[in-house]
Amino acid sequence: MKKVLNIAVATPLIKVGNLKYNADEIIKVLDESKADLVLFPELNLTSLYCGDLFLKDEFLDRTLEEANRIIKTTKYSGLFTIGLPLKVNQYVINGLLVVNNNKVIGIEMKETLTLEEQRYFDDFIYSEMNVNIFGKDLDPFGVLYKLKGLYLAITLDGMYGALDLNNYYLSQLGADVILHASGDYEVLDSGSVKVKTLTELSSRFNQVYVYASPSKSESSSKYVYAGDMIICQNGEVIKEATNLYDNENYIELAVELNKKSVFERADIRSSESAEIPTVDNEFINLSPYPFLEGNDPFVAANVLNTLLVQAMIKKIESMPKHLQKVIIGVSGGADSTLALLVAEQALEKMGLPPTNLIGVSMPSENSLEISSKRALELIDGVKATKLVIPIDKHLKVHLEAINHTNLDTAYENAQARIRTNILMDLCNKYGGFMVGPSDLSEIALGFTTYNGDASSMYGINSGIPKTMVLTILEFLSKEVYLDLEKVIYEVSQAKPSPELLKNQVTEDVLGRYDINDFILYHFIKNDWGRPEFLKALPEVFKIDLDEAKVYVNRFLRRFYQNQFKRNVLPEGPNVLDISLNPRDGFRLAGDNEVDY
């Protein structure tokens with residue numbers, strides 16, 4: 001029996017914690033919709049990032065009041081969802097109200113919670129418990145909803161949860177349509193993973209699969225979000241759009257469904273996991289550039305640049321109007337160049353003048369002339385406000401004040417801290433925020449100055465390793481900034497150096513960045529230890545075992561000894577699903593004494 005269901009997915013723009021604004025945006029979408037149902041993402045009324053506000057009774061009460069206002073105010077009478085934190089007796093759940101004909105008909109709860117989510121939400125409620133919402137008792141474990149003769153089921157679990165098992169269960173119960181209200185973020189390759197997973201599920205279980213992820217206006221303090229809206233049927237994407245890439249926040253499609261019989265449901269089998277073939281030498285085909293995840297370098301660079309620009313846009317938007325200038329120290333090196341170009345692209349997309357970007361060159365006697373020249377060319381090239389503030393006089397006064405004459409670590413770090421102090425003061429003077437340049441590789445190896453370049457108000461590069469910073473710059477030089485191609489390409493090919501001493505080269509201290517980034521990736525992502533690295537490094541990089549030991553021992557020593565620097569990192573976007581930020585990534589006490 002064929003039935004037609006008009007399905008809509010919406011990911012309206014939100015403001016973190018601004019309940020009235022978010023509710024108004026939901027009402028606008030609903031009032032204009034002609035669909036039979038509208039799916040919104042997880043926690044779309046509040047944002048995913050309200051933190052300890054989820055523990056405040058007043059905030060939870062106001063959230064429920066706004067949900068009630070949506071239901072009472074909207075002209076829409078079809079089925080829709082509202083993602084919100086919900087008090088259930090002594091519990092707080094990451095919940096979803098299911099509304100039809102302007103009445104709440106059900107509650108859904110996210111059951112698979114991350115460790116961070118468990119700080120705020122409960123994942124277990126006694127099954128016999130009823131929940132009173134707006135004077136009506138509801139069963140929080142209701143599974144299916146009937147609409148136009150079809151059965152709908154709703155899930156809140158993330159893309160990487162037990163979707164296969166969950167869908168098998170829902171299919172056996174008779175679900176024709178799965179609505180997936182997701183909180184999934186965007187990283188390199190996540191878009192293709194989502195599409196592959198959703199199409200496979202819709203094919204395997206003979207269901208229509210409807211998916212929504214948070215909008216691009218979600219907080220970028222940790223991740224970037226795409227605002228995915230996807231409808232799949234029979235193994236194909238039949239409608240798709242995103243906030244981030246398409247600038248869309250609503251899709252709608254009339255879908256024709258064949259109602260499954262009980263016999264068809266009984267024939268569905270959950271596929272068994274295929275055995276992974278064993279290989280005698282598991283390291284022989286490993287890529288020396290694992291952060292590319294098998295992608296073409298420019299394809300990966302394009303995606304990562306897009307995510308970084310969106311993260312910067314969100315950061316700027318979150319600032320008060322009088323504090324929306326972006327202050328960046330530009331050295332002529334790779335990291336500050338990438339930060340400058342990302343900020344310029346963000347301001348352009350926002351329609352703000354490039355002069356809102358303040359590029360500050362702060363040369364010293366240790367700065368290479370070519371680096372300073374490149375810095376000025378880049379600042380002028382993006383039409384930013386240019387400031388040149390030499391630091392030698394500042395440095396001399398400071399070193400005399402502390403009676404220091406040696407060209408040692410104190411001398412080097414004093415330069416970094418003077419520059420940071422200047423940038424912070426300029427933020428107050430001009431009304432803006434300082435963007436830090438430190439990349440993921442430097443953060444891992446502790447090659448940053450505490451209260452120097454490690455300190456900023458937003459770490460735009462903190463999720464990008466050095467090898468990928470250089471790849472993105474090469475991409476930008478060839479595909480985006482054609483008028484600055486020569487200087488950007490030169491920056492991407494230059495030997496990295498902090499230029500805090502004469503003729504200083506970073507890789508003389510740390511070793512090759514490609515090898516360090518390889519170690520970083522597999523250390524965090526795949527939980528490798530010393531034995532795996534000592535097998536892999538000689539095979540992949542054609543170095544001998546003794547040199548491999550030097551790399552591994554140096555990496556581990558620097559990694560653990562510099563945890564105290566990472567424990568105070570500023571916020572920044574994780575765009576490769578590898579984070580060393582202690583709020584959402586690798587956690588360890590700063591005073592650890594790990595035997596590395």
Side-chain angles (χ1 to χ4, degrees), residues 160 185-190 192-193 222-224 279 281-301 303-305 307-308 334-335 338 438-448 459 461-474 496 506-507 510-543 547-560 562-563 566 569 572-582 584-588 596:
Y160 306 106
Y185 50 82
E186 192 80 354
V187 294
L188 180 63
D189 266 357
S190 60
S192 58
V193 170
K222 296 181 182 178
Y223 297 102
V224 180
V279 181
N281 189 345
E282 59 185 306
F283 304 115
I284 198 166
N285 293 317
L286 279 175
S287 168
Y289 301 104
F291 281 101
L292 284 172
E293 302 279 4
N295 289 284
D296 175 84
F298 274 23
V299 171
V303 172
L304 293 174
N305 178 63
L307 296 178
L308 293 176
D335 294 333
L338 180 58
S438 297
D439 64 53
L440 185 64
S441 306
E442 294 177 340
I443 289 168
L445 293 162
F447 204 68
T448 60
N461 297 335
S462 60
I464 304 286
K466 182 73 78 179
T467 49
M468 291 306 299
V469 168
L470 302 178
T471 300
I472 297 170
L473 286 178
E474 189 172 348
T506 302
E507 290 185 323
L510 302 179
R512 287 164 48 185
Y513 268 118
D514 57 344
I515 297 179
N516 283 311
D517 284 355
F518 180 91
I519 296 172
L520 170 61
Y521 178 92
H522 291 290
F523 178 67
I524 298 295
K525 190 90 168 180
N526 294 327
D527 197 28
W528 280 15
R530 188 174 273 101
E532 289 86 356
F533 286 122
L534 294 183
K535 290 179 182 178
L537 292 181
E539 189 70 47
V540 175
F541 294 100
K542 309 308 178 188
I543 60 177
E547 190 174 2
K549 288 179 180 178
V550 170
Y551 269 96
V552 175
N553 292 338
R554 177 172 52 211
F555 179 93
L556 295 176
R557 172 176 56 81
R558 294 190 66 100
F559 185 87
Y560 289 123
N562 287 284
Q563 179 66 30
R566 293 191 290 272
L569 282 176
N574 173 0
V575 294
L576 285 166
D577 212 14
I578 290 183
S579 174
L580 298 180
N581 195 308
D584 64 297
F586 189 87
R587 295 174 174 88
L588 183 66
Y596 43 78

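One is the number of the first residue; the rest follow in order along the sequence.
Taking the side chain as every heavy atom from C-beta outward, L576 and L304 approach each other to under 4.5 Å. Between P290 and F518 there is a side-chain heavy-atom pair separated by less than 4.5 Å. I578 is listed as a side-chain neighbour of F291, based on a closest heavy-atom distance under 4.5 Å. Residues Y521 and W528 fail the side-chain proximity criterion, which asks for heavy atoms closer than 4.5 Å. Side-chain atoms of L537 and E547, non-hydrogen and from C-beta on, never get closer than 4.5 Å to each other. Side-chain contact between Y513 and E507 is present, with at least one heavy-atom pair separated by less than 4.5 Å.
Residue G459 comes nearest to P573 through the heavy atom pair O-CD, 3.6 Å, listed as atom of the first residue, atom of the second, then distance. Of all the heavy atoms in T471 and T467, the pair that sits closest is OG1-O, 2.9 Å. Counting all heavy atoms, side chain and backbone alike, I443 lies closest to S438 at CD1-O, 4.0 Å. Contact detail for S462 and G572: the closest heavy-atom pair is OG-CA, 3.6 Å. Smallest separation of non-hydrogen atoms from G446 and N562: CA-CG, 3.4 Å. Among all heavy-atom pairs drawn from F533 and I519, the shortest one is CZ-O, 3.3 Å.
A donor-acceptor pair under 3.5 Å is formed between the side chain of T506 and the backbone N or O of P496. Using modelled atom types, one side-chain atom of D296 and one backbone atom of F298 make a donor-acceptor pair closer than 3.5 Å. Formation of a donor-acceptor pair under 3.5 Å by the N553 side chain with backbone atoms of K549 is found in this model. Of the possible polar contacts, none joining the R566 side chain to the N581 backbone as a donor-acceptor pair under 3.5 Å is found. A donor-acceptor pair under 3.5 Å is absent between the side-chain atoms of N574 and the main chain of K222, judged by distance alone. A donor-acceptor distance shorter than 3.5 angstrom exists from the side chain of E532 to the backbone of G529, with no hydrogens or angles considered. In terms of modelled atom types and a separation under 3.5 Å, the side chain of D439 and the main chain of E442 share a donor-acceptor contact.
Between Y551 and F541, the distance from one ring center to the other does not fall under 6.0 angstrom.
Heavy-atom neighbours of N526 CG from other residues, nucleotides or ligands within 6.0 Å: above the threshold of 12.
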Could you give me the CA-CA distance, side-chain angles and deciding distance for M468 and L292, then say whether side chain to side chain contact (heavy atoms under 4.5 Å, CB included) is met?
-> CA-CA 8 Å; M468 291 306 299; L292 284 172; 3.8 Å; yes
With salt bridge (charged side-chain N to carboxylate O under 4.0 Å, His left out) as the test, would you mind laying out the steps for D517 and R512 before giving the verdict?
-> CA-CA 9 Å; D517 284 355; R512 287 164 48 185; over 6 Å; no
Please assess N516 against R554 for the test side chain to side chain donor-acceptor pair (under 3.5 Å), listing each intermediate value before the final yes or no.
-> CA-CA 10 Å; N516 283 311; R554 177 172 52 211; 5.2 Å; no
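For the side chain to side chain contact (heavy atoms under 4.5 Å, CB included) criterion with L440, the lone passing option out of L520, I464, I524 is L520.
Side chains of Y185 and D577: a donor-acceptor N/O pair is present below 3.5 angstrom, by distance only.
Between F559 and F523, the ring planes are perpendicular. Angles over 60° get that label, and only those under 30° would be called parallel.
Here CG of L307 is found 8.0 Å from CG of L188. Values are rounded to the nearest 0.5 Å. In this structure, CG on L470 lies 9.5 Å from CG on L338, to the nearest 0.5 angstrom.
Look at K466 and D335 and you find a salt bridge, because one of the NZ, NE, NH1 or NH2 atoms lies within 4.0 Å of a carboxylate O, short of that distance.
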